[in-house]
Amino acid sequence: MIIKRFKTIITLIALSSSFCMGQAPKKPMAQLINDEFKFAVDQYKVLANNIPAGLTPQSYANGKSINHDIKWWCSGFYSGSLWYLYEQTKDASIKKEAEEALKVIEPNQTYTGNHDLGFMMYCSFGNAYRLTGKPEYKAVVQRSAESLASRYRPSIKSIQSWDKNRYWQCPVIIDNMMNLEMMNWVSDHGGSPKYKEIAISHSNTTLKNHFRDDFSSFHVIDYNLETGAIIKKATWQGAANCSAWSRGQGWALYGFTMMYRFTKDATYLKQAKGIAHFILNHPNLPADKIPFWDFDAQGIPFTKRDASAGALIASALLELGQFTSGQEKEEFKSAAETMIYSLASPAYRAKLGENGGFLLMHSTGAYPLNSEIDVPLVYADYYYLEALLRYKKWYL
Ligand code: GLY
């Protein structure tokens, strides 16, 4: 027991201080990005062999691949990652696999059972359209936006995240900001303006109700659908109602940065910067800048990390840097660099053929639900690849 605890301490110290001690891979970023994509193409060929027909990959635990049906919120990340791989490498077999993966999830375009259509259909078909220009892919994105719009509730001026159940009446979670990219995009590309109006209305409600004075976010706001009143401010995946669940802070950062991209509303930029400073100045952010699963988790520094939060925050900071200047821009870029170097290091990045074919280790899905703790997660890979591509596009 004492030896096990000692080993944990040593591992944590190594994770947190590897950069100060010069142990991290300090190859030039251009080379790192090339190497990571080359590795990812080979690794995703391993992953492809672990996916039963009709399912989409999610994780890998206890030597077993975990795959889900297409209604699971993560069903679009696999094809999205494949499109990112294709974008960088032009590997024909990856493109073929990406096209096949799209066919699996295409029926989701008329799904209205949750708010995750943006994750599912924009990360996948949105990227496919961006890279191929095929009108049939655009049509799927447009249809998906219409499905998502069916969950907009005028009484609360938000898109309802989950259906009513024994815990919630009309829950809206901070993650929902991520689904707005698709809505903005469709309006800006020939679709009805109503999708962008929904995105703006939802963002303004989120701005009003989800945040605390320090720019940290609650996870779930539950509303009374008749009156529009707030019933409670709570969490589902965080450590406590009053805590800052790390991935939620990442969704908020990414979401408000993206909303600024589409609207140029300075309120959104101010919010995104505030969230970024909350994250980067937090005393519980480790030296390698990969957050623990909750900034207020009990047991820090002996609790689990969330590499998915690190990857998505890195990607968001790179975009936020595009809208800032001087020292602030440098701060966001430098933090994202540290995150990328951390994720690319052996502390987080798997070896070829291991980790069920996923790229990154050490993500945490839902710690309080005892679900997906310290495992690979398909969306960690997606945002990692996105961060690498964004770095290459904007900073090299
Ligand atoms: N959107 C669900 C999650 O972040 O776990």
Side-chain angles (χ1 to χ4, degrees), residues 56-59 61 66 68-78 80-81 105 108 111 113-124 144 148 151 158-163 165 167-168 171-183 202 206 210 216-222 234-240 243-256 258 275 279 290-295 297 304-316 358 360 362-384 386-387:
T56 59
Q58 171 70 6
S59 184
I66 299 165
H68 281 292
D69 73 72
I70 65 167
K71 306 261 179 296
W72 179 241
W73 73 277
C74 302
S75 59
F77 290 118
Y78 176 56
S81 289
I105 61 167
N108 277 338
Y111 181 62
N114 64 35
H115 71 139
D116 291 314
L117 267 286
F119 281 119
M120 293 149 88
M121 305 309 272
Y122 190 71
C123 298
S124 51
S144 303
L148 181 54
R151 295 187 69 86
S158 290
I159 297 169
Q160 179 168 0
S161 294
W162 307 321
D163 290 344
N165 63 22
Y167 302 107
W168 320 105
V172 178
I173 64 174
I174 190 65
D175 323 29
N176 207 336
M177 288 299 301
M178 298 298 285
N179 295 303
L180 307 180
E181 186 164 5
M182 176 171 77
M183 304 299 257
H202 182 101
T206 302
H210 261 84
S216 71
S217 165
F218 287 93
H219 184 198
V220 191
I221 307 295
D222 193 23
T235 196
W236 185 245
Q237 282 150 269
S243 76
W245 173 51
S246 297
R247 199 164 54 257
Q249 310 316 302
W251 295 142
L253 173 66
Y254 194 119
F256 278 95
M258 173 274 297
I275 300 163
I279 292 171
I290 306 303
F292 294 98
W293 66 274
D294 191 301
F295 282 97
K304 300 297 180 189
R305 302 296 186 94
D306 181 9
S308 76
L312 102 93
I313 290 168
S315 183
F358 291 94
L360 297 180
H362 305 310
S363 288
T364 297
Y367 193 97
L369 308 177
N370 201 22
S371 169
E372 300 177 332
I373 298 172
D374 198 11
V375 291
L377 286 170
V378 67
Y379 46 94
D381 289 4
Y382 176 86
Y383 290 105
Y384 177 54
E386 184 180 84

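Values in this document were obtained by computation on a predicted structure and should not be read as measured data. Remember, it's 1-based here, ligands and their atoms both numbered in the order they're listed. Numbers here simply count residues along the sequence, with the first being 1.
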For the pair D163 and R151, find out whether any cationic side-chain nitrogen is under 4.0 Å from an anionic carboxylate oxygen.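 Judged by the 4.0 Å cut-off on N to carboxylate O distance, D163 and R151 do form a salt bridge.
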Could you tell me, atom by atom, which parts of ligand 1 come under 4.0 Å of a heavy atom of [X]?
| X | result |
| --- | --- |
| R247 | 3 (C), 4 (O), 5 (O) |
| Q237 | 3 (C), 5 (O) |
| W251 | 1 (N), 3 (C), 4 (O) |

Ligand 1 contacted by W245 (non-hydrogen, < 4.0 Å): yes
Hey, does [Y] have a side-chain heavy atom less than 4.5 Å from the side chain of [X]?
| X | Y | value |
| --- | --- | --- |
| Y367 | D294 | no |
| L117 | N179 | no |
| I173 | Q237 | no |

Measure the distance from atom 1 (N) of ligand 1 to every protein heavy atom, then report the residue, atom name and distance (to 0.1 Å) of the closest one. D175 OD2, 2.7 Å
Side chain, backbone, both or neither: the part of M178 lying under 4.0 Å from ligand 1 by heavy atom: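 The answer is neither; M178 stays 4.0 Å or more away.
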Looking only at N/O atoms, are W73 and ligand 1 under 3.5 Å apart anywhere?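 No, no N or O pair falls under 3.5 Å.
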Under the 3.5 angstrom rule, does the side chain of S363 hit a backbone N or O of S308 as a donor-acceptor pair?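 The answer is yes, because a donor-acceptor pair under 3.5 Å joins these two groups.
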What's the verdict on side chain to side chain donor-acceptor pair (under 3.5 Å) for E386 and S315, showing C-alpha distance, side-chain angles and the deciding distance? CA-CA 6 Å; E386 184 180 84; S315 183; 2.6 Å; yes
